[in-house]
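Just so it is clear, the model here is predicted, and its values are computed rather than measured. All ligand and atom numbering here is 1-based and tracks the order in the structure.
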Amino acid sequence: MEHRNIAFIGAGNMAQAIIAGLVQGGYPAHKITVSSPSAVRREPLEKEFGIHSTNDNIDAVQKADVIVLAVKPQMMEEVCKPLQNIDMSKKLVLTIAAGIPATRYNDYFATQLQLVRIMPNTPALVGKGLSGMFAHNSLSSQDKQFADELMKSVGTTVWVEQESAINDIIAVAGSAPAYFFLFMESMQQEAERLGFSPEVARAIVQQAASGSTALAEKQHMLPFSTLREQVTSKGGTTAAALMQFYEGKLPENVASAMQAAIKRAQEME
Ligand code: NAD
């Protein structure tokens, strides 16, 4: 990966995860700056990773080749407007904020930016994220590659051709951890009702979930339907359980839940 000067604006959970991924992957710490008004957030990052930290967004952006906007969406306009006098013509801007269309940043900065809109999900916090990536065609292939490699430090990336597909990524990946957690929560509740202690119930469900995903990863050539069939003997216990899911229209419910997430993402833009 090319070593450019990177400034993170915002020192929250996502910024921290990406910084950790970069430094642990060998990116030179002295090429990374984090800027946040909160000393409590930025100073531990400076100590832990040996990066620079500041509370001066303007100075951080001026000195950087790449700016990662990692503040809450509702803060974005207020954070970007004071940066309007900076020459952005040779800088790459990456934004991980949800719900803000790419072209709106041109208004915030009052100039045409080289920008990548990124939609990571929370497993990025443990290096297993999935980031949806979108850039306009005018972005250079070097900038695209840099953004791609940066987000690969916390997981995998999927580039979308149309910006609207970022909302589809939200439905398939961004919100997905909560779908799986709801399923795990429901299983834990029933395990407890059966008499397992909360700790044991949680441990069983967690192991069943991570074991299943590990199996799916190992046998990635097989469709999920085949993996499901492999644990479902005709007339057996799993078949009896799955019958209940089908009667409750689980596949249709999953589809309409994902459509609801897309609709909400569109409303929030
Ligand atoms: P967070 O609340 O943990 O961090 C936000 C940070 O912004 C804080 O450190 C705060 O100090 C800093 N900040 C506030 N005002 C600032 C200013 N004027 N200048 C510089 N920094 C300032 O948030 P997070 O969870 O890391 O999320 C950051 C962004 O990532 C959001 O836009 C969110 O939509 C996006 N995102 C997060 C996730 C996630 O799973 N956490 C997933 C996808 C996208």
Checklist entry - Between E77 and K81, does at least one N-O distance fall below 4.0 Å, as a salt bridge requires? => result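 The answer is yes: the pair qualifies as a salt bridge.
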
- prompt: Charged N to carboxylate O under 4.0 angstrom, D143 versus R4?
  reply: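 Judged by the 4.0 Å cut-off on N to carboxylate O distance, D143 and R4 do form a salt bridge.
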
Under 3.5 Å, is there a donor-acceptor pair linking the side chains of D87 and S89?
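Yes, a side-chain donor-acceptor pair sits under 3.5 Å.
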
Checklist entry - Among side-chain atoms of S153 and Y27, is any donor-acceptor pair under 3.5 angstrom? => result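 The criterion, which ignores hydrogens and geometry beyond distance, is not satisfied for Y27 and S153.
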
When the side chains of residues 169-190 are checked against the rest of the protein, which donor-acceptor pairs come out under 3.5 Å, sequence neighbours left out?
from: S175; atom 1: OG; to: I170; atom 2: O; distance (Å): 3.4
from: Y179; atom 1: OH; to: A171; atom 2: O; distance (Å): 2.6
from: S186; atom 1: OG; to: L182; atom 2: O; distance (Å): 2.8
from: Q188; atom 1: NE2; to: E192; atom 2: OE2; distance (Å): 2.8
from: Q188; atom 1: NE2; to: P198; atom 2: O; distance (Å): 3.3
from: E190; atom 1: OE1; to: R193; atom 2: NE; distance (Å): 3.0
from: E190; atom 1: OE2; to: R193; atom 2: NE; distance (Å): 3.4
from: E190; atom 1: OE2; to: R193; atom 2: NH2; distance (Å): 3.0

Ligand 1: which residues have a non-hydrogen atom closer than 4.0 Å?
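These residues qualify: I9, G10, A11, G12, N13, M14, S35, S36, P37, S38, R41, N57, A70, V71, K72, P73, M75, V79, I96, A97, A98, M119, P120, T122.
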
>> Closer than 3.5 angstrom, by distance alone: can the side chain of T238 be matched with the main-chain N or O of V231 as a donor-acceptor pair?
In response: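 Yes, because the side chain of T238 sits within donor-acceptor range (under 3.5 Å) of the backbone of V231.
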
